[in-house]
Enquirer: 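Have a look at this one before I ask anything.
What's counted below: heavy atoms across the whole structure, side chains too, no hydrogens, waters or symmetry copies. Just so you know, ligand 1 is whichever comes first in the structure, and atom 1 is the first atom listed for that ligand.
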Amino acid sequence: MAEPFVVFGASGSGSVPIEAALSLIDVPYRLEDFAPWEGQEEADRLARINPLRQVPALALPTGELMTESAAILIWLADAYPDARLAPAVTDARRPAFLRWMNFVSSAIYALYWITDNPARIAEDEAVQADVKTRVFDRIATCWAQMGAQLRPGKYLLGEDLSVLDLYVATASRWSPGRRRFYEVAPALGETMRRVDGDPRLAAIWAERFPFSPGWER
Ligand SMILES: N[C@@H](CCC(=O)N[C@@H](CS)C(=O)NCC(=O)O)C(=O)O
């Protein structure tokens, strides 16, 4: 029998939408948690899986390893079309799907490499604080762009929940936080609240990214 999927991730991280997608697809997977931000030893342990020392990563049943959250989510949705987690290649919504999946990954998610540890780009602590503020402003601007251009139905791309909804529901909870997201992208708020409250996702959210008191910030 082929190995099950293995998710290399962490609570509240970019592995959460992947775990959510796997649970909606209903395929077995094993979780291996890593927290590379906790220190060199943990980062080096992860380097044996992903030399870039980042989560998420996904080991496929073939043994191949994938990194990059957007690529993993798109691949899972395409590999399991019966779960209907992405518009098909010929669907009119496919260009928007690919556009916004890549936008979240490249315009937003990539910036956390700076904000998680601004000492990576600036020595001075006052400069670091300023960099964080400015980068969070940039992230809010990106959410505003998405909110101004997407016309959600029940979900971001219409009537079907897609991996884009899982991705945005997770990333929009990271700093500068969901409250600011609602302010800058009001058109997306109702959809995100629907995804937060989806009963099919309740167990994943509770275990991997709980809505603890004050979570909206
Ligand atoms: N481009 C990557 C970004 C992954 C990423 O930034 N992961 C964070 C956790 S949410 C991480 O591992 N940070 C540790 C580090 O960059 O040192 C993706 O989309 O998967």
Enquirer: When you measure from the centre of the six-membered ring of F5, is the NZ or CZ of R30 closer than 6.0 Å and no more than 45° off the axis?
Expert: no
Enquirer: May I ask you to check if ligand 1 and E68 share an N or O to N or O distance below 3.5 Å?
Expert: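 E68 vs ligand 1: N/O contact under 3.5 Å present.
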Enquirer: Is any side-chain heavy atom of V55 less than 4.5 Å from a side-chain heavy atom of V7?
Expert: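 No, too far: nothing below the 4.5 Å cut-off.
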Enquirer: For P36, take its heavy atoms, then give the atoms of ligand 1 lying under 4.0 Å from any of them.
Expert: 12 (O), 14 (C)
Enquirer: Consider ligand 1: state whether an atom of it lies below 4.0 angstrom from any non-hydrogen atom of A110.
Expert: no
Enquirer: Any heavy atom of P56 closer to ligand 1 than 4.0 angstrom?
Expert: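 Yes; P56 lies near enough to ligand 1 that a heavy-atom distance drops under 4.0 Å.
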Enquirer: Show me the side-chain donor-acceptor pairs of residues 143-150 shorter than 3.5 Å, one per line, residues at least two apart or across chains.
Expert:
from	atom 1	to	atom 2	distance (Å)
Q145	OE1	Q149	NE2	3.1
Q149	OE1	R99	NH2	2.7
Q149	NE2	Q145	O	3.4

Enquirer: Check whether any heavy atom of Y112 sits under 4.0 Å from an atom of ligand 1.
Expert: no
Enquirer: Using heavy-atom distances, let me know which of Q54, E42, R53 sits nearest atom 6 (O) of ligand 1.
Expert: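 Among Q54, E42, R53, the closest heavy atom to atom 6 (O) of ligand 1 comes from Q54.
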Enquirer: Kindly confirm or rule out an N or O of S69 lying under 3.5 angstrom from an N or O of ligand 1.
Expert: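 It does: an N or O of S69 is found under 3.5 Å from an N or O of ligand 1.
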Enquirer: Is there at least one pair of N or O atoms, one from G14 and one from ligand 1, spaced under 3.5 Å apart?
Expert: no
Enquirer: Within ligand 1, which atoms have a heavy atom of W113 less than 4.0 Å away?
Expert: 16 (O)
Enquirer: Going by the atom numbers of ligand 1, which of them fall below 4.0 Å from some non-hydrogen atom of W37?
Expert: 9 (C)
Enquirer: Identify the residue among I204, V16, L24 that makes a side chain to side chain contact (heavy atoms under 4.5 Å, CB included) with L166.
Expert: L24
Enquirer: Show your reasoning for whether side-chain contact (heavy atoms from CB on, under 4.5 Å) applies to L188 and L156.
Expert: CA-CA 7 Å; L188 310 184; L156 292 175; 3.8 Å; yes
Enquirer: Mind checking whether R93 and D160 have side chains closer than 4.5 Å, heavy atoms only?
Expert: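 Sidechains of D160 and R93: in contact.
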Enquirer: Any sub-3.5 Å donor-acceptor pair from D165's side-chain atoms to S162's backbone N or O?
Expert: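 Between the backbone of S162 and the side chain of D165 there is a qualifying donor-acceptor contact (under 3.5 Å).
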